[in-house]
Protein chains: 2
Amino acid sequence: MHKEHTLTKNQQIIFDLINKSSEPMKAYSILFNVQKKGIKAPLQVYRALDKLVKIGKIHKIESRNAFIACHNSSCQVANATAFSICEICEKVTEISSASLSKYLANFKDKDGMKYSKYNLEFFGLCKKCDTK
Amino acid sequence: MHKEHTLTKNQQIIFDLINKSSEPMKAYSILFNVQKKGIKAPLQVYRALDKLVKIGKIHKIESRNAFIACHNSSCQVANATAFSICEICEKVTEISSASLSKYLANFKDKDGMKYSKYNLEFFGLCKKCDTK
DNA sequence: TTACATAGTGTTATATTATAACAATTAAAT
DNA sequence: ATTTAATTGTTATAATATAACACTATGTAA
């Protein structure tokens, strides 16, 4: 469960935009889309993104430098993320699999070390693209 | 097992540098270090990096925009990578765990879909940093 | 061995992603 | 009320990455 955070104006504007988007959004595309709402500079966007990532409302898709809203309601999810990415249409879906997250949360390396966070990105073809 | 590739001059220079490094290297740091060998422009570096990534000799650490040599001798590894990253000292280690790679290679999402590639990054504290 | 295709090179310019630094403002917590 | 932390607005700049073009080397196959 998320601790509830009250978003500031900029954070809310940017979260709403990302949340409505059907695909990951890049920072400068976000900037372009919120300029009419008075957010004019990259840094205003990046600061809001940083915060939203930190509190788990959005995630960064590292391989794409893009951001999507978290739709995983069972969250501890800022720290434990998994995505599938279609290499043709670039559709990204957050994976919520109890067995996967359990496996990864408990994974120990050779030295017996556990980790506090992970991010996993799967690549392949989505159903649509696979059947073309 | 890797198919053997003969590296070109630029590729070899850049691979050697990354391979000797004890830590992930960033593109412009690589550039700086190979300028004395006649590689003068970012694009020369990025082209070599692209190829080296493609053939699995190096991997990109996406969350750090940095590159490390592959030390995983049992490779199909261009397509299936896992790393641990220390959030204090930034040490990165490639994880080679048969059970992990088996688990992930066989992972199916809710739609029963399998993926042809993945990249996993674990974050935490390395042994050294944890005991400080 | 010539021709053709493929991959790599060198170069300049530019696009894209992200942060530094500073002054001012707002919110929250004593 | 005061002060502490977080956020904002702004300008400038750093860091990461690609486009476009002309040219060279290498492999393959007629």
**Message:** Judged by each residue's nearest nucleotide on DNA chain D, which is more toward the 5′ side, R64(B) or R47(A)?
**Reply:** R47(A)

Within the pair [X] and [N], is there a side-chain N or O less than 4.0 Å away from OP1 or OP2?
{"X": "Q44(A)", "N": "dG9(D)", "result": "yes"}
{"X": "N65(A)", "N": "dA18(C)", "result": "yes"}
{"X": "Y46(B)", "N": "dA17(D)", "result": "yes"}
{"X": "T8(B)", "N": "dT9(C)", "result": "yes"}
{"X": "K60(B)", "N": "dA17(D)", "result": "yes"}
{"X": "N10(A)", "N": "dG9(D)", "result": "yes"}
{"X": "K26(B)", "N": "dA15(D)", "result": "no"}
{"X": "Y28(B)", "N": "dT16(D)", "result": "no"}

Under 3.5 Å, side chain of [X] to main-chain N/O of [Y], donor-acceptor pair present?
{"X": "N19(B)", "Y": "F15(B)", "answer": "no"}
{"X": "T131(A)", "Y": "K127(A)", "answer": "yes"}
{"X": "E121(A)", "Y": "E62(A)", "answer": "yes"}
{"X": "E23(A)", "Y": "E90(A)", "answer": "no"}

Whole-Å gap separating [atom2] ([N]) and [atom1] ([X]):
{"X": "L43(A)", "N": "dA15(D)", "atom1": "CG", "atom2": "C1'", "answer": "15 Å"}
{"X": "K54(A)", "N": "dT7(D)", "atom1": "NZ", "atom2": "P", "answer": "8 Å"}
{"X": "K37(A)", "N": "dG9(D)", "atom1": "NZ", "atom2": "P", "answer": "14 Å"}
{"X": "L7(A)", "N": "dT7(D)", "atom1": "CG", "atom2": "P", "answer": "10 Å"}
{"X": "L52(B)", "N": "dA7(C)", "atom1": "CG", "atom2": "P", "answer": "16 Å"}
{"X": "L31(B)", "N": "dT11(C)", "atom1": "CG", "atom2": "P", "answer": "13 Å"}
{"X": "L49(A)", "N": "dT8(D)", "atom1": "CG", "atom2": "C1'", "answer": "15 Å"}
{"X": "K51(A)", "N": "dA6(D)", "atom1": "NZ", "atom2": "C1'", "answer": "7 Å"}

**Request:** Give me the bend of the helix from dT1(C)-dA30(D) to dT30(C)-dA1(D), using the axes of the five pairs at each end, rounded to 10°.
**Result:** 50°

**Asked** What orientation do Y103(B) and Y103(A) show, parallel under 30°, tilted 30 to 60°, or perpendicular over 60°?
**Response** parallel

**Asked** Any idea how F122(A) and Y118(B) line up, ring-wise: parallel (<30°), tilted (30 to 60°), or perpendicular (>60°)?
**Response**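 Ring orientation of F122(A) relative to Y118(B): perpendicular.
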
**Request:** Give the C-alpha distance, both sets of side-chain angles, the deciding distance and a yes or no for salt bridge (Lys or Arg N to Asp or Glu O under 4.0 Å) between E87(A) and K117(B).
**Result:** CA-CA 10 Å; E87(A) 290 185 294; K117(B) 288 196 221 174; 3.2 Å; yes

**Minimum-distance nucleotide to Q11(A) side chain [options: dT8(D), dA20(C), dT12(C)]** =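 Ranking dT8(D), dA20(C), dT12(C) by closest atom to the Q11(A) side chain puts dT8(D) first.
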
**Item:** Rounded distance [0.5 Å steps], CD1 in I61(B) versus OG1 in T81(B)
**Value:**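 Spacing of CD1 (I61(B)) from OG1 (T81(B)) equals 7.5 Å.
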
